[in-house]
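Reviewing the structure listed below.
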Amino acid sequence: MSLAIGLANKKSIMITPTPPFNFEGTIYNPGHFPTPTEKYEDGIFWQTMRFLNEEFGLKFENEGATNNPEVKLTIYSKNKLTKEKLKIITGELNYRFEFNRDISEFCEKFKNDKLLELVLRRWKGMRIKCGYSLYESLIIYIILQNATVRRTVQMSNNLFENFGTKVKFDNKEFHVFWKSDQLNKVSEDKLRELKLGYRAKSIKKVSESFSKNEFNEIELRKLSNEELKKELIQIYGIGPASVWYLLFEVFHRYDALDYISPWEQKIYSKILFDKELAESKKILDFLNQKYGKYKMLAAHCLFTDLFWRHKKKKINWLEKEIRL
DNA sequence: CATCAGGGCCCTG
DNA sequence: CAGGGCCCTGAT
């Protein structure tokens, strides 16, 4: 058991997101499998962050409401945070958590939409955040592949226990993602021992690319959807399903929805048409026609609302589909 | 006990 | 472009 690194220095600032901003709906996604890097509890969200070659702890507290949002952010660090670093970190978080994105047009446009009406009443101001870097997200999408959630969690825990950095802040312990070059040095056999199976090869290759700085995440953000897809699909172990996750989640492209995997197809069929299984083309055309450039944001709202309802009161058919 | 599909992707023919 | 193989696990 390695000892946790204490992140004793802290610095708090207030963030005023662009309204409408739904804190809970944005900051925490109950549809995601749990990792030891984050925790959500009634208006407070903790997360670790490896950034600028350093480990940080983040604490977000909701101090406002959807129409006049205020978020208190506390950054925990090993060394005292310089003004420069604070600026870079908050800039990055601004992108990852979409604090300044204006989605009022979407909320206004679909407030009477049959499918979204209730969802928007509950979750108005929900947007698509991704707390992780591109490298970290790639790892997550790779361990999701061809596995049930239980197995994904097992792979994730094995990776964090073996390669993650344990930190302690705000009296809580979490793991921080490892560095890409650290994982690059690990043998494929070792990764297979950790039950990663054939994904070990993809993880090795991705870690190698990132340790060689072959990707510039900031530059990738500037690309069009098509250009971005072309870049991402070249990554070993990344196919159409993962590219689509990357586009909407990591790169926040609200219009990126042209792929539906089998398990999602079942869920869409149920919530859109109340059917066992609709053709995926039918689902895609329907969402495209109805929501246009907001189709992925709309789909995300529908999905996340569903998982929130499930979290609060078990939905039997969904329980069956997600199969822990 | 064996067989199979799962929150895909790569490679081959 | 279709289809087999891939790691491991729980379900059947």
If you compare every side-chain N and O of A:K201 against the phosphate oxygens of B:dC10 (OP1, OP2), does one of them come in below 4.0 Å? no

Taking the side chain as every heavy atom from C-beta outward, state whether A:R127 and A:Y254 have any pair of such atoms under 4.5 Å apart. yes

Could you check how far CZ of A:F248 sits from P of B:dG7, rounded to whole Å? 16 Å

To the nearest Å, give me how far apart OH (A:Y198) and P (B:dG6) are. 13 Å

A:R199 (side chain) and C:dC7 (base): donor-acceptor pair under 3.5 Å: yes

Using only side-chain N and O atoms of A:R151, determine if any of them is under 4.0 Å from OP1 or OP2 of C:dT9. no

Nucleotide paired to B:dC11 in any strand shown, Watson-Crick or G-U, under 3.5 Å: C:dG3

What is the distance from OH of A:Y236 to C1' of B:dG8, rounded to the nearest Å? 12 Å

Let me spell it out: for each of A:I233 and A:H32, pick the nucleotide of DNA chain B with the closest heavy atom. Which residue's pick is nearer the 5' end? A:H32

Could you tell me whether A:K270 atom NZ has more than 12 heavy atoms of other residues or ligands within 6.0 Å of it? yes

Indicate, with a heavy-atom threshold strictly under 4.0 Å, whether A:I238 touches base, sugar-phosphate, or nothing. sugar-phosphate

A:T148 side chain: which of C:dG10, B:dG7, C:dC6 is closest? B:dG7

Rounding to an integer number of angstrom, what distance separates C:dG3 and B:dA5 when you compare their P atoms? 15 Å

Tell me whether the guanidinium CZ or amine NZ of A:K179 lies under 6.0 angstrom from the six-membered ring centre of A:F163 and within 45° of its axis. no

Quick one: on DNA chain B, does A:Q234 or A:A147 contact a more 5' nucleotide (nearest heavy atom)? A:A147

Does NZ belonging to A:K80 count more than 12 external heavy atoms closer than 6.0 Å? no

Taking the minimum atom-to-atom distance to the side chain of A:S242, which one of B:dG6, B:dG8, C:dG10 wins? B:dG8

Whole angstrom value for the distance that separates C1' of B:dC10 from CD1 of A:I203: 16 Å

Nearest-neighbour nucleotide for the A:Y245 side chain, B:dG8, B:dG6, B:dG7 considered: B:dG7

Under the 3.5 Å rule, do the base of B:dG8 and the side chain of A:Y259 count as making a donor-acceptor pair? no

Once you apply a heavy-atom cut-off of 4.0 Å, does A:I235 come out as touching a base, just sugar-phosphate, or nothing? sugar-phosphate

Closest of B:dC9, C:dC8, B:dG7 to the A:L144 side chain is B:dG7

Between atom CZ in A:R150 and atom C1' in C:dA11, what is the gap in whole Å? 11 Å

Choosing from C:dC8, B:dG8, B:dC11, which nucleotide comes nearest the side chain of A:Q154? C:dC8

Considering only side-chain heavy atoms of A:Q145, which listed nucleotide, C:dC7, C:dG10, B:dC9, is closest? B:dC9

Report yes or no: do A:S104 and A:D102 form a side-chain donor-acceptor pair below 3.5 Å? yes

